[in-house]
Amino acid sequence: MAASYSTPTTILLLLLVSFFSFNQTQAGVRNPSSVVLGLTRSSTTFTIPKPSKYSRKRVSQVSDVIEPLRAVRDGYLLSLNIGTPGQVIQVYMDTGSDLTWVPCGNLSFDCLDCDDYRNNKLIGSFSPSHSSSSFRDTCGSSFCIDIHSSDNSFDTCIEAGCSLSALLKSTCSRPCPSFAYSYGEGGVVTGTLTRDNLMVHGSSPDITKDLPRFSFGCVGSTYREPIGIAGFGRGVLSLPSQLGFLQKGFSHCFLAFKYANNPNISSPLIMGDVAVSSNDNLQFTPMLKSPMFPNYYYIGLEAIAVGDVSYAQVPLYLREFDSLGNGGMLIDSGTTYTHLPEPFYSQLLSVLQSAITYPRATDVETRTGFDLCYRVPCPNNRFTNDPFPSITFHFLNNVSLVLPQDNYFYAMSAPSNSTGVKCLLFQSMDDSNYGPAGVFGNFQQQNVKVVYDLEKERIGFQPMDCAAAAASQGLHKK
């Protein structure tokens with residue numbers, strides 16, 4: 001679940017002090033002279049408030065898919081029903097990668113450097129031997145060629161041991177060779193490409209659609225990737241691609257992280273026509289085409305405003321690509337926090353410091369690794385709506401997204417002695433000039449409907465109460 005920065009890449013951010021993660025609320029007094037910063041190019045341990053059975057009617061075609069997303073401490077989980085009979089495996093939704101993979105083997109699945117997840121009940125695994133419809137993908141399939149990043153359709157079958165004669169006659173059906181797939185923060189998964197039945201829900205829970213030969217990674221070992229991932233990029237392996245929605249689109253409305261680990265509340269993930277229709281109240285910004293990572297979703301950031309002023313134009317790095325394909329702002333459901341390049345990120349911190357009068361909580365900054373934390377008054381040991389300065393993201397096509405205040409400052413713990421601590425949950429990009437100049441993370445997308453209109457190549461935003469939207473889709477358990 002993460003942004004792809006090299007090879008097929010992704011950032012898995014854990015919401016622990018020592019790792020990046022998923023989550024955020026507010027603090028301070030607004031500076032009377034609000035400021036807009038121009039952007040320039042440059043390259044935790046707090047735990048967040050960590051399916052009924054239906055009589056199903058199966059249909060051959062479903063124009064729309066609606067699935068529930070659950071908020072957990074470090075992302076949003078989608079349940080995949082794979083195999084015959086179905087085995088339900090929970091995986092992260094990730095717009096920053098293509099491959100969908102699940103852990104395989106109850107005892108044999110091995111995750112290196114995943115001690116924090118050893119006792120996590122979310123780690124389910126898939127058993128191919130328990131599915132009558134499971135089989136290995138073949139070396140000549142388009143999915144196998146894609147996972148091995150091959151430009152020659154013969155390469156994977158040669159590696160599998162096919163003779164040239166069999167290749168020329170198209171008679172070699174050896175299994176696709178094992179693969180290794182890497183993610184942006186160093187995570188790696190290894191496994192085999194597998195085909196099996198995938199069942200998804202239509203516009204109502206009693207309507208389902210079967211995808212009989214869904215291709216996914218059956219992963220036996222990983223490094224820092226303890227839970228499976230559903231790739232929502234635009235490559236042939238992605239879930240929207242295999243469901244036939246690349247010419248349509250999808251949308252999500254991420255619940256606030258206060259609902260994390262609440263099994264009774266989910267948020268809607270919608271794929272198909274209904275996801276991109278009836279969006280009169282959305283603001284749309286164009287998708288940018290990255291020559292380096294064409295399968296992923298980039299948008300152009302023009303400015304970030306602090307306070308109530310009009311925005312100023314900024315350098316091109318966060319809305320255009322250089323000759324090598326570096327630049328632009330990646331929008332990624334698998335990256336927790338928004339990442340901004342230096343020196344702009346430090347300038348933003350300075351402006352916020354001048355606008356906020358609460359005392360700094362430097363001890364919490366040291367302990368958590370966050371750069372800006374404040375002690376805020378909490379009457380009766382309850383957090384209130386603190387007067388923080390507003391933060392507005394200005395994207396191409398005159399799109400302005402005022403972040404909900406809970407999307408940039410977040411409470412680090414329960415209040416004590418009528419005081420609590422809130423930290424800014426933005427982070428700096430690394431100092432590499434490779435890949436995207438910035439990342440718009442999922443924490444800043446809470447309580448915002450986000451529409452990926454793939455036909456018109458645009459992304460829409462509309463702030464809303466995602467819990468209420470989930471209730472309207474019938475996603476709350478009674």
Side-chain angles (χ1 to χ4, degrees), residues 13-31 34-35 37 44-50 71-75 116 254-262 304 306-307 335-340 342 345-393 402-429 439 441-448:
L13 302 176
L14 306 176
L15 186 55
L16 303 169
V17 169
S18 55
F19 297 88
F20 284 137
S21 168
F22 287 71
N23 286 301
Q24 45 189 276
T25 300
Q26 353 173 264
V29 173
R30 182 172 303 174
N31 190 329
S34 301
V35 179
L37 296 178
T44 66
T45 293
F46 166 60
T47 301
I48 291 194
K50 291 198 182 335
V72 292
R73 71 174 189 178
D74 51 2
D116 293 318
F254 288 153
L255 288 171
F257 271 91
K258 67 181 180 181
Y259 296 111
N261 298 325
N262 185 333
I304 296 179
V306 177
T335 296
T336 310
Y337 309 124
T338 290
H339 286 62
L340 299 171
E342 293 289 2
Y345 174 70
S346 293
Q347 295 169 2
L348 177 62
L349 295 184
S350 296
V351 171
L352 287 169
Q353 289 179 62
S354 67
I356 299 171
T357 60
Y358 294 128
R360 291 277 292 277
T362 55
D363 57 325
V364 179
E365 294 171 3
T366 300
R367 188 174 74 248
T368 63
F370 294 121
D371 295 306
L372 209 56
C373 298
Y374 290 95
R375 300 190 188 281
V376 298
C378 298
N380 301 316
N381 281 333
R382 300 185 67 176
F383 284 105
T384 59
N385 290 327
D386 310 290
F388 280 77
S390 64
I391 294 181
T392 304
F393 278 67
V402 181
L403 296 182
Q405 288 195 353
D406 286 353
N407 286 21
Y408 49 99
F409 274 95
Y410 194 80
M412 292 291 100
S413 61
S416 172
N417 298 321
S418 299
T419 302
V421 175
K422 294 183 178 181
C423 293
L424 178 71
L425 299 192
F426 289 2
Q427 293 187 324
S428 173
M429 289 289 288
V439 180
N442 70 47
F443 201 83
Q444 281 63 54
Q445 299 174 48
Q446 295 174 80
N447 281 327
V448 177

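- Checking side-chain atoms of Q347 against main-chain N and O of V351 turns up no donor-acceptor pair under 3.5 Å.
- Smallest separation of non-hydrogen atoms from C378 and T419: SG-C, 3.9 Å.
- Note on residues 345-362: pairs passing salt bridge (charged side-chain N to carboxylate O under 4.0 Å, His left out), not counting sequence neighbours, are R360-E365.
- In terms of the side-chain hydrogen bond (donor to acceptor under 3.5 Å, both in side chains) criterion, S418 has no residue partners (sequence neighbours excluded).
- When all heavy atoms of L352 and Y374 are compared, the pair lying nearest together is O-OH, 4.1 Å.
- When all heavy atoms of D406 and Q446 are compared, the pair lying nearest together is O-NE2, 4.3 Å.
- Salt bridge D363/R375: present, at least one basic N to carboxylate O contact under 4.0 Å.
- Taking the ring centroids of Y337 and F370, they lie under the 6.0 Å cut-off.
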- Let me see the working for D371 and F426 under side-chain contact (heavy atoms from CB on, under 4.5 Å), right down to the final yes or no. CA-CA 8 Å; D371 295 306; F426 289 2; over 6 Å; no
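- The side-chain hydrogen bond (donor to acceptor under 3.5 Å, both in side chains) test applied to N447 returns no partner, not counting sequence neighbours.
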- Task: Given side-chain contact (heavy atoms from CB on, under 4.5 Å), test L403 with F393 step by step and report yes or no.
- Result: CA-CA 8 Å; L403 296 182; F393 278 67; 3.5 Å; yes
- Task: Please report the C-alpha distance between V421 and C373 in whole Å, then the side-chain angles of each, then the deciding distance to 0.1 Å, and finally whether the side-chain contact (heavy atoms from CB on, under 4.5 Å) criterion is met.
- Result: CA-CA 7 Å; V421 175; C373 298; 4.1 Å; yes
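- Partners of N381 by side-chain hydrogen bond (donor to acceptor under 3.5 Å, both in side chains), not counting sequence neighbours: none found.
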